[in-house]
Amino acid sequence: QKEVEQNSGPLSVPEGAIASLNCTYSDRGSQSFFWYRQYSGKSPELIMSIYSNGDKEDGRFTAQLNKASQYVSLLIRDSQPSDSATYLCAVNNIRTGGFKTIFGAGTRLFVKA
Amino acid sequence: GAVVSQHPSRVICKSGTSVKIECRSLDFQATTMFWYRQFPKQSLMLMATSNEGSKATYEQGVEKDKFLINHASLTLSTLTVTSAHPEDSSFYICSARDPGGANQPQHFGDGTRLSIL
């Protein structure tokens, strides 16, 4: 079992719809959770951080965390073609000597105009 | 937010050349930086963790003598790909952890696209 799992996609949604991206993790002791967006040929860009159970909203983005289910999601409201990218879920786990960030393989999102 | 600068953005060179890539934290001190490699349409692969003032920690399967890492100051880490060959062609990306604490996210440089002819 991978430490951080994401559906590779592609996830295709029409412009204006809500895109829902999901991620599960295996380490119950995971401390913090992040979503990155990576456009083709570019490096990842941090878009959301979440540390406690519940929802966290930032503009059109909402991150949701459920530690009991070991599940974190990202909702993108009013999806735009410019949101088309690969979205990486990342989790910080405690390891000897500090925290280690584990990245999922990413979900490709395609927003159709 | 934290800014990480990576240079150069693109390198094209002949087989056998050694290539140095620089990663700088612009407005904060980073005791730890990370080096990743990403092949087309594949996921990020952590190569090594760069520790200021000490040896880098390499991931399993990454050759230490092939990928030399130097983290000589709190704002600069370098990755040197020694005697590069076509199979080393890839997208190399560095990152540094947000200075807000050990549980903070990583911020990435813009990446270096390396092409070995």
Side-chain angles (χ1 to χ4, degrees), chain A residues 2-10 23 27 29-52 56 58 61 63 65 67 72 74 84-110, chain B residues 1-10 21 23 30-52 54-60 79 89-115:
Chain A
K2 293 181 182 176
E3 291 188 77
V4 177
E5 293 213 49
Q6 297 180 254
N7 188 319
S8 63
C23 172
D27 188 336
S30 297
Q31 297 286 309
S32 48
F33 309 84
F34 313 104
W35 283 99
Y36 290 82
R37 176 176 61 200
Q38 186 176 22
Y39 290 114
S40 180
K42 303 294 185 182
S43 64
E45 171 193 12
L46 179 70
I47 53 173
M48 289 287 284
S49 302
I50 187 166
Y51 299 91
S52 54
K56 180 181 177 183
D58 183 0
F61 298 102
L65 175 61
K67 288 187 177 180
V72 57
L74 179 70
S84 299
T86 297
Y87 289 80
L88 306 176
C89 172
V91 175
N92 268 5
N93 293 338
I94 296 177
R95 293 286 185 269
T96 301
F99 287 94
K100 183 168 185 177
T101 303
I102 310 296
F103 285 87
T107 298
R108 285 174 51 213
L109 173 66
F110 179 62
Chain B
V3 179
V4 176
S5 173
Q6 187 172 341
H7 178 80
S9 59
R10 182 79 194 253
I21 303 169
C23 182
T31 55
T32 304
M33 292 185 178
F34 305 89
W35 288 97
Y36 294 84
R37 181 168 55 182
Q38 188 175 37
F39 293 105
K41 300 192 177 184
Q42 294 190 21
S43 53
L44 284 175
M45 188 194 82
L46 178 65
M47 298 175 67
T49 301
S50 171
N51 304 299
E52 187 270 335
S54 64
K55 291 182 180 180
T57 305
Y58 289 81
E59 296 299 303
Q60 190 173 7
L79 168 68
S89 298
S90 187
F91 190 43
Y92 292 85
I93 317 172
C94 73
S95 72
R97 201 183 299 283
D98 192 293
N103 200 15
Q104 297 299 307
Q106 294 178 27
H107 296 275
F108 288 88
D110 288 339
T112 298
R113 191 159 303 283
L114 177 62
S115 300

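Sequence lines set the chain letters: A, B, ... in the order given, protein chains first and strands last, and positions in each chain run from 1.
Between A:Ala85 and A:Arg37, the shortest heavy-atom distance links the atoms CB-CG, 3.6 Å.
A cation-pi arrangement is present between B:Arg113 and B:Phe91, with the terminal nitrogen or guanidinium carbon under 6.0 Å from the aromatic centre and inside a 45° cone about the axis.
Contacts with chain B (heavy atom to heavy atom, under 4.5 Å) involve no residue of residues 2-10 of chain A. Residues of residues 45-52 of chain A lying under 4.5 angstrom from chain B, judged on non-hydrogen atoms, are A:Leu46, A:Ser49, A:Tyr51 by number.
To the nearest 0.5 Å, atoms CG (A:Leu109) and OG1 (A:Thr107) are separated by 9.0 Å. Rounding to the nearest 0.5 Å places CD of B:Gln6 at 4.0 Å from SG of B:Cys94.
For B:Gln38, the part lying near chain A is the side chain, with the backbone staying farther off; criterion is any non-hydrogen pair under 4.5 Å. Of the two parts of B:Tyr36, only the side chain, counted from C-beta on, holds a non-hydrogen atom closer than 4.5 Å to a non-hydrogen atom of chain A. For A:Ala105, the parts lying near chain B are the backbone and the side chain together; criterion is any non-hydrogen pair under 4.5 Å.
No other option in A:Pro44, A:Gly41, A:Gly106 has as many heavy-atom pairs under 4.5 Å with chain B as A:Pro44. Between chain A and the residues B:Ser9, B:Gly111, B:Ser43, B:Pro40, the most heavy-atom pairs under 4.5 angstrom are made by B:Ser43.
At distances below 3.5 Å, not a single donor-acceptor pair connects side-chain atoms of B:Glu59 with backbone N or O atoms of B:Leu46. Although no hydrogens or angles enter the test, the distance criterion places no donor-acceptor pair under 3.5 Å between the side chain of B:Arg37 and the main chain of B:Met45. Distance alone, capped at 3.5 Å, is enough to place a donor-acceptor pair between the A:Ser43 side chain and the B:Gly109 backbone.
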| field | Working for ring-ring contact (aromatic ring centres under 6.0 Å, His included), residues A:Phe103 and B:Phe34 | value | CA-CA 13 Å; A:Phe103 285 87; B:Phe34 305 89; 9.0 Å; no
| task | Carefully, step by step, assess A:Asp27 and A:Lys100 under the rule side-chain contact (heavy atoms from CB on, under 4.5 Å). | result | CA-CA 12 Å; A:Asp27 188 336; A:Lys100 183 168 185 177; over 6 Å; no
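Under a cut-off of 6.0 angstrom, the local environment of CG in B:Asp110 is sparse, with at most 12 non-hydrogen atoms contributed by other residues, nucleotides or ligands. Environment of NZ in A:Lys42: sparse, with no more than 12 heavy atoms of neighbouring residues, nucleotides or ligands closer than 6.0 Å.
B:Ser115 and B:Arg10 share a donor-acceptor pair across their side chains, judged by distance under 3.5 Å alone.
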